[in-house]
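Chain letters run A, B, ... following the sequence lines, proteins first and then strands; every chain starts at 1.
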There are 2 protein chains.
Amino acid sequence: MIFKFLIRNRSVFLYGISLAILLLFIKWLEWRLIVIDYTIELYVGAIAVIFTGLGIWLAKKLTQPRTNTLVIEKQVLVKTEHFVLNEAEVTRLRLSKRELEVLQLMAEGLSNLQIADRLFLSLDTIKTHSSKIFEKLEVQRRTQAVEMARKLNIIS
Amino acid sequence: MIFKFLIRNRSVFLYGISLAILLLFIKWLEWRLIVIDYTIELYVGAIAVIFTGLGIWLAKKLTQPRTNTLVIEKQVLVKTEHFVLNEAEVTRLRLSKRELEVLQLMAEGLSNLQIADRLFLSLDTIKTHSSKIFEKLEVQRRTQAVEMARKLNIIS
DNA sequence: ATTTCCCTCATACTTTAGGGTGATTTGAAT
DNA sequence: ATTCAAATCACCCTAAAGTATGAGGGAAAT
């Protein structure tokens with residue numbers, strides 16, 4: 001119990017012990033002064049040296065180290081994950097939600113029929129959407145549409 | 001001359017002055033001890049306090065500031081990533097130079113006829129190349145081929 | 001010398017894509 | 001209430017894409 005306490009507060013404990021020893025040393029010096037006729041200058045010198053040391057030690061102990069924050073920019077290659085839909089372009093081009101959806105599937109390489117099946121719509125509907133998309137993107141073919149959409153960041 | 005020297009070594013000069021003043025103060029205390037019958041304990045205490053302070057000041061003055069360098073890695077997204085052809089995939093898929101060329105133009109949204117014109121070939125040749133490409137990429141349509149090629153990094 | 005692959009082109013045929021037009025319904029805005 | 005855009009679907013027609021097959025020349029490897 002007591003040991004654990006001592007270990008936990010080792011620093012404080014050591015400081016106390018040190019002070020006690022120091023006081024004893026001073027007292028001993030004092031005794032020496034009385035018994036033997038030492039000069040007072042020597043005594044004062046010793047005190048000065050000891051407490052200068054103590055001051056230095058205290059300063060080192062008390063001042064927390066300064067922290068230099070060093071920010072290193074680490075370059076990370078990011079593939080596709082960082083896609084953010086370019087809302088501005090979508091609104092500028094007046095692409096509807098459905099059209100964007102079709103465009104997305106188009107970019108995945110699906111045929112119109114596959115897109116129709118996927119969205120539970122008729123082939124003709126997808127054709128209509130496709131035409132609208134091409135019109136709005138000012139392209140002629142689906143491959144161009146995908147290319148354009150990728151460039152404008154309106155598909156992932 | 002002398003002034004410049006003093007300015008340059010201001011720290012040392014100040015330290016010397018301080019010590020001189022301190023010694024004077026000690027001497028004055030000594031004088032006080034002789035004249036008036038002060039207790040030696042008070043004298044020692046004063047010395048202790050003064051030199052503890054001196055120690056702290058010295059420590060602060062002399063030791064270079066301790067610094068903990070905290071390294072923070074900041075991730076920076078680099079999206080430039082100028083295209084590097086994945087040679088390994090190209091050889092693995094046994095794509096010929098011509099096929100890669102056609103695939104590239106295909107990805108740019110050109111029709112087979114446009115590709116033919118661009119490469120000074122007949123439409124049928126491009127169709128043959130296209131078929132071969134689809135076969136090797138294991139896809140059915142050009143859009144899928146482009147998608148796959150992009151994924152495999154064999155086109156820019 | 002033979003094989004193999006690439007590149008080229010051709011014919012015939014099927015499938016898919018795309019253009020044009022029009023109609024209906026629904027929901028939101030004016 | 002009317003207008004407007006979005007979404008849906010249909011029909012017709014043309015263009016483009018894709019499949020299958022074959023064939024000939026050339027270059028490189030075995």
Side-chain angles (χ1 to χ4, degrees), chain A residues 85-152 154-155, chain B residues 85-152 154-155:
Chain A
L85 192 138
N86 191 340
E87 307 266 7
E89 277 299 325
V90 172
T91 46
R92 189 181 72 78
L93 296 169
R94 304 187 183 288
L95 281 168
S96 73
K97 221 185 303 174
R98 251 317 189 216
E99 285 162 357
L100 206 62
E101 212 173 350
V102 171
L103 184 54
Q104 178 67 54
L105 294 175
M106 204 179 269
E108 290 174 19
L110 300 194
S111 70
N112 285 342
L113 186 57
Q114 286 174 317
I115 296 173
D117 286 347
R118 183 77 69 89
L119 299 179
F120 302 106
L121 298 176
S122 85
L123 174 60
D124 286 308
T125 303
I126 302 304
K127 281 186 174 183
T128 308
H129 284 314
S130 296
S131 291
K132 283 279 182 187
I133 291 168
F134 301 153
E135 203 176 293
K136 291 177 178 177
L137 291 182
E138 295 176 311
V139 298
Q140 285 74 47
R141 269 175 300 285
R142 53 182 43 233
T143 41
Q144 292 178 333
V146 172
E147 179 79 357
M148 178 66 80
R150 215 178 288 279
K151 204 168 66 186
L152 297 177
I154 58 182
I155 55 165
Chain B
L85 192 137
N86 189 342
E87 306 266 8
E89 276 300 324
V90 173
T91 45
R92 190 182 70 80
L93 296 169
R94 304 186 183 287
L95 280 168
S96 73
K97 221 184 302 174
R98 252 315 191 215
E99 285 162 355
L100 207 60
E101 211 174 351
V102 171
L103 183 54
Q104 179 67 54
L105 294 174
M106 205 180 270
E108 290 175 18
L110 300 194
S111 70
N112 284 341
L113 185 58
Q114 285 174 317
I115 296 174
D117 286 348
R118 184 76 69 88
L119 300 178
F120 303 105
L121 298 177
S122 86
L123 175 60
D124 288 309
T125 303
I126 303 304
K127 282 186 175 184
T128 307
H129 284 315
S130 296
S131 290
K132 283 279 182 188
I133 291 167
F134 301 153
E135 204 176 295
K136 290 178 180 179
L137 291 182
E138 295 176 311
V139 297
Q140 284 73 48
R141 268 175 300 285
R142 55 178 43 230
T143 42
Q144 292 179 333
V146 171
E147 178 79 357
M148 177 68 81
R150 214 178 289 279
K151 203 168 67 185
L152 298 178
I154 57 182
I155 57 165

Would you mind telling me which of [options] lies closest to the side-chain atoms of [X]?
{"X": "B:T128", "options": "C:dT8, C:dG19, D:dA7", "answer": "C:dT8"}
{"X": "B:H129", "options": "C:dG19, C:dC7, D:dG18", "answer": "C:dC7"}
{"X": "B:R142", "options": "C:dG18, D:dA17, C:dT8", "answer": "D:dA17"}

Less than 4.5 Å apart, side chain to side chain, heavy atoms only: is that true for [X] and [Y]?
{"X": "A:E101", "Y": "A:I115", "result": "no"}
{"X": "B:L152", "Y": "B:L93", "result": "yes"}
{"X": "A:V146", "Y": "B:V146", "result": "no"}
{"X": "A:Q104", "Y": "A:L100", "result": "no"}
{"X": "B:L121", "Y": "B:R98", "result": "yes"}

Rounded off to whole Å, could you give me the [atom1]-to-[atom2] distance for the [X] and [N] pair?
{"X": "B:E99", "N": "C:dC5", "atom1": "CD", "atom2": "P", "answer": "13 Å"}
{"X": "B:E135", "N": "D:dA20", "atom1": "CD", "atom2": "P", "answer": "9 Å"}
{"X": "B:M106", "N": "D:dA17", "atom1": "CE", "atom2": "P", "answer": "9 Å"}
{"X": "A:Q114", "N": "D:dG18", "atom1": "CD", "atom2": "P", "answer": "13 Å"}
{"X": "A:L103", "N": "C:dG18", "atom1": "CG", "atom2": "P", "answer": "12 Å"}
{"X": "B:R94", "N": "C:dT4", "atom1": "CZ", "atom2": "C1'", "answer": "12 Å"}
{"X": "B:K97", "N": "D:dG26", "atom1": "NZ", "atom2": "P", "answer": "18 Å"}
{"X": "B:L93", "N": "C:dC5", "atom1": "CG", "atom2": "P", "answer": "16 Å"}

Quiz item: In terms of the nearest nucleotide of DNA chain C, which residue is placed more toward the 5' end: A:N112 or B:S96?
Solution: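 Its nucleotide being nearer the 5' end, the pick is B:S96.
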Quiz item: With sugar-phosphate meaning primed atoms plus P, OP1 and OP2, does B:S111 contact a base, only sugar-phosphate, or nothing at under 4.0 Å between heavy atoms?
Solution: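 If one applies the 4.0 Å heavy-atom cut-off, B:S111 turns out to touch the sugar-phosphate alone, with no base involved.
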Self-check item: B:T125 and B:S122: side chain donor to acceptor below 3.5 Å
Solution: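 Per modelled atom types, B:T125 and B:S122 side chains form a pair under 3.5 Å.
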Quiz item: Any Lys/Arg nitrogen of A:R150 or B:E147 sitting under 4.0 Å from an Asp/Glu carboxylate oxygen of the other?
Solution: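 Here A:R150 pairs with B:E147 in a salt bridge, since their nearest N and O are under 4.0 Å apart.
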Exercise. Considering just the side-chain nitrogens and oxygens of B:R98, establish if one lies under 4.0 Å of OP1 or OP2 belonging to C:dT8.
Key: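 Yes, because at least one side-chain N or O of B:R98 sits under 4.0 Å from OP1 or OP2 of C:dT8.
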Exercise. Scan residues 116-127 of chain A against DNA chain C and write down, sorted by residue number, each residue with any heavy atom closer than 4.0 Å; if none is found, say none.
Key: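 Within this stretch, A:K127 sit under 4.0 Å of the strand.
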